[in-house]
Q: 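Sharing a structure with you now.
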Amino acid sequence: MGELRNLISMQDLDRKRIDQILSVAAEMEAVAVKRSRILESKIMATLFFEPSTRTRLSFESAMLRLGGSVLGFAEAGTSSAGGKGETLADTIRTVERYADVIVIRHPLDGSARVSAEFSSVPVINAGSGSEEHPTQALLDLYSIKKLKGKIDGLSISLCGDLKYGRTVHSLGMGLSLYDVTIKLAAPQALRMKPAIIDEMKKAGVNVVEVDNVEDAVKDVDVIYMTRIQKERFPDIREYDKVKGRFRLTSEHLPLMREDAVILHPLPRVDELDAEIDNTPHAKYFDQVYSGVILRMAILKMILT
Ligand code: NCD
């Protein structure tokens with residue numbers, strides 16, 4: 001297997017590569033605690049043209065734990081791209097001269113791929129429009145493996161906004177490389193795009209579609225809840241029609257398998273009731289920490 005250069009789409013990764021990333025991540029658990037200096041000479045730039053808490057800060061935490069340095073912006077308005085109309089290409093051609101790796105989040109589909117084409121340093125996609133969020137998918141796979149001891153053989157429910165949610169697009173592609181059953185649970189208006197469902201089926205995945213939370217939580221090992229992506233709706237009235245319609249609350253707990261785990265990429269709004277937090281099913285804050293571990297693995301693999 002060759003080196004890992006850019007990380008743009010889950011479609012660029014095969015099962016062998018994903019398993020390799022997950023096993024490097026497992027090695028990072030101990031390194032995260034005692035810290036390391038392997039990336040002491042390296043600089044990571046974070047270019048965030050959209051809001052973020054976990055993705056940006058976990059990338060920074062990962063880099064700092066490996067001894068590296070970080071720079072960047074968290075608000076496009078403070079950069080020349082936002083404030084002065086600089087093109088993405090020019091921004092990339094500038095930042096590649098300041099850093100050894102570029103981590104980018106941008107509202108446009110394809111933005112990370114285009115950035116990689118212009119960049120002489122590796123580019124990592126930290127969220128491109130509603131299209132993809134590959135490092136989130138990898139940390140989700142890592143969390144599932146850590147919690148369940150395996151991925152093959154599991155039944156997983158992807159719930160919420162499957163139309164605009166980039167995390168479920170990437171996770172769906174990643175899971176398709178394993179022997180799993182995937183339940184797609186969304187209100188009719190927010191169904192997963194048929195093209196992605198076809199890809200999953202072609203990969204041999206058993207795909208089931210449901211349109212309510214009750215069916216979503218039954219008979220599965222993992223319930224992956226997501227936020228309705230308000231900011232991606234072309235018409236806010238369409239959002240108003242679906243908001244609050246797909247909520248996981250303590251009423252659903254009796255329907256779930258005793259050992260089912262609930263994951264969520266976060267942030268949540270009202271789709272995952274805080275009452276769930278204190279139940280043994282709630283694993284989303286442990287999942288947050290896996291974000292640091294997984295991103296340490298990615299930075300190590302790309303930069304050494
Ligand atoms: C997600 C994103 O930005 O796509 N957040 C994250 O990175 N953990 C999910 C979301 O915003 O709903």
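Since the model is a prediction, treat every value here as computed from it, not as a measurement. Read the numbers this way: they start at 1 and go in the same order the structure lists the ligands and their atoms.
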Q: Any sub-3.5 Å donor-acceptor pair from Ser61's side-chain atoms to Leu57's backbone N or O?
A: no
Q: At less than 3.5 Å, what protein N or O atoms come close to the N or O atoms of ligand 1? Include the distances to 0.1 Å.
A:
residue, atom, partner, partner atom, Å
ligand 1, 3 (O), Arg105, NH1, 3.4
ligand 1, 3 (O), Arg105, NH2, 3.2
ligand 1, 3 (O), Arg166, NH2, 2.9
ligand 1, 4 (O), Arg166, NE, 2.7
ligand 1, 5 (N), Leu266, O, 3.1
ligand 1, 7 (O), Thr55, OG1, 2.9
ligand 1, 7 (O), Arg105, NH2, 3.0
ligand 1, 7 (O), His133, NE2, 2.8
ligand 1, 8 (N), Gln136, OE1, 3.2
ligand 1, 8 (N), Pro265, O, 2.9
ligand 1, 8 (N), Leu266, O, 3.0
ligand 1, 11 (O), Arg227, NH2, 2.9
ligand 1, 12 (O), Arg227, NE, 2.9
ligand 1, 12 (O), Arg227, NH2, 3.3
ligand 1, 12 (O), Gln229, NE2, 2.8

Q: What residues form a salt bridge (Lys or Arg N to Asp or Glu O under 4.0 Å) with Arg15, not counting sequence neighbours?
A: Asp19, Asp152
Q: Should we say atom CD of Glu231 is surrounded by more than 12 heavy atoms from elsewhere, each under 6.0 Å from it?
A: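 More than 12 heavy atoms, drawn from other residues, nucleotides or ligands, come within 6.0 Å of this atom.
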Q: Using salt bridge (Lys or Arg N to Asp or Glu O under 4.0 Å) as the criterion, list what pairs up with Arg97, not counting sequence neighbours.
A: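 Arg97 satisfies salt bridge (Lys or Arg N to Asp or Glu O under 4.0 Å) with no other residue.
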Q: Quick one: side chain to side chain contact (heavy atoms under 4.5 Å, CB included) partners of Lys150, sequence neighbours excluded?
A: Leu154
Q: Does the Lys NZ or Arg CZ of Arg105 fall within the cation-pi geometry relative to Phe48 - under 6.0 Å from the ring centre and within 45° of the axis?
A: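 Geometry flag: not set, cation outside 6.0 Å or 45°.
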